[in-house]
Protein chains: 2
Amino acid sequence: MADGRTASAQSGENLLFLTDEQLRQGIEAMFFAYRGFTADPDRILSDLAYGRAHHRAVHFINRAPGTTVNNLLNILGVTKQSLNRVLRTLIEDGLVESKVGKVDKRERHLFLTEEGQALEQKLSNAQRARMRMAFRDAGPEAVAGFRTVLEAMMDGDMRFAYTRLRDSGT
Amino acid sequence: MADGRTASAQSGENLLFLTDEQLRQGIEAMFFAYRGFTADPDRILSDLAYGRAHHRAVHFINRAPGTTVNNLLNILGVTKQSLNRVLRTLIEDGLVESKVGKVDKRERHLFLTEEGQALEQKLSNAQRARMRMAFRDAGPEAVAGFRTVLEAMMDGDMRFAYTRLRDSGT
DNA sequence: AGTATATGTCAGTGTTGTTGACATTCCAAG
DNA sequence: CTTGGAATGTCAACAACACTGACATATACT
């Protein structure tokens, strides 16, 4: 470890990609790339009175219309108080509609209004444009690797939420 | 676009990996993976009086010892007021040392103390452990693709900062 | 001497997250 | 039918971290 390599020259396989130096580069790549990942939506949101939390809520409500507050809570991984503040403003501003559940009237099912869908489109178009450019530049094999590593980096709960969403694809 | 595909069956090449559905999955993968990426350091930091901003500062000071405040500002992409608040507590707590520059006495060069290095190790060991596991599970080809896509996702300034750090590797 | 740069600091504000406490509504088990 | 618990919403307080704007200081460059 003092030489900056935790694993190398083992079992005939080349494990140089697991050196501390390679891991550090991966960590810094994640840090810088995430900034790029959020930069475009952040720019749009700063003009409005919204932030990243509003973007996330709108994204996942659009992704799974009619989802309950509790479900959204699990996906976003925040407290209900934090989510509630965001949802309240979105509902007040007419971007999100909250409908009382039919089978269980305690539950509130969340939907985007037309105005909410318009904002979601605006935000996700910007984010997709950057992702599309990155994917195109990198090519399909790199994209497959990208996805594989990201999935391996998730916590169990997150991976479950992710795959559940992924496999319910349109 | 109404069918969820912006590009497909073009120029003899298979561009199915650029559909809106694939891009959406990439976006959600980034979101969930970044949570996993920061989860372990966040747990450690929550016990101390520090947050993610302190982690970032300590990381990059360790990465480039003697760096100036201005340089760190560019790397982190925050305001000097925000960084100064973090640096002040780290210096007060004896984790970071600030030395007046020799050639330019306006500049302050930043170094980690032994205590600061200990915290950096603790944090980066946790983060590297997860990254190592993800890399090992995914394999070298996937890791290469992961890096390629992340680099393509960065803004120009960030990519410059990233490659400059990367190419100054130990 | 005058301008520009690097840094630090103070005051105010906004978004997002946290805990803790409490009310309401409603399903379900006893 | 009553009671316990689950789902949701609300209020209050607080902390972390970002922002803007203004200003001070020391130093460097021209």
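What's counted below: heavy atoms across the whole structure, side chains too, no hydrogens, waters or symmetry copies. Numbers restart at 1 for each chain; the letters A, B, ... are given by sequence-line order, proteins then strands.
- Donor-acceptor pairing under 3.5 Å, judged by distance alone, is absent between the side chain of B/Arg108 and the base of C/dT7.
- Taking 4.0 angstrom as the limit, B/His54 places a side-chain polar atom (N or O) nearer than this to OP1 or OP2 of D/dC17.
- Side-chain proximity of B/Arg88 to C/dA6, C/dT16, C/dC10: nearest is C/dC10.
- In this structure, A/Glu151 pairs ionically with A/Arg166, as a charged nitrogen and a carboxylate oxygen lie closer than 4.0 Å.
- For B/Phe135 and B/Phe146, the ring centers are positioned less than 6.0 Å apart.
- Judged by distance alone, with hydrogens and angles left aside, A/Gln81 brings a side-chain donor or acceptor within reach of the base of C/dG20, the pair sitting under 3.5 Å.
- Between the base of D/dT8 and the side chain of A/Lys80 there is a donor-acceptor pair shorter than 3.5 Å.
- Computed from coordinates, the B/Arg85 CZ to D/dA15 C1' distance equals 11 Å when rounded to whole Å.
- A close approach under 4.0 Å does occur between a side-chain nitrogen or oxygen of A/Arg56 and OP1 or OP2 of C/dG17.
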Evaluate B/Leu165 against B/Phe60 for side-chain contact (heavy atoms from CB on, under 4.5 Å), listing each step before the verdict.
CA-CA 9 Å; B/Leu165 281 172; B/Phe60 286 108; 3.5 Å; yes
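- In this structure, A/Ser82 does not reach the C/dT16 phosphate: none of its side-chain N or O atoms is under 4.0 Å from OP1 or OP2.
- Residues B/Ile27 and A/Ile44 fall within the same hydrophobic cluster, defined by Ile, Leu, Val, Met, Phe, Trp and Tyr side chains chained together at heavy-atom separations under 4.5 Å.
- C/dG17 atom P lies 13 Å from atom CG of A/Asn84, rounded to whole Å.
- Along DNA chain C, the nucleotide nearest A/Leu83 and the nucleotide nearest B/Leu110 are compared for position; the residue whose nucleotide lies closer to the 5' end is B/Leu110.
- If you check every strand for non-hydrogen atoms under 4.0 Å, B/Val103 touches sugar and phosphate atoms only.
- A 6.0 Å sphere centred on CG of A/Asp157 holds no more than 12 heavy atoms belonging to other residues, nucleotides or ligands.
- The nucleotide whose nearest atom lies closest to any side-chain atom of A/Arg52 is, among D/dC19, C/dT16, D/dA28, C/dT16.
- Between B/Asn70 and C/dT7, a side-chain N or O to OP1/OP2 separation shorter than 4.0 Å is present.
- Listed candidates were C/dG17, C/dG8, D/dT8. Nearest to the side chain of A/Ala53 is C/dG17.
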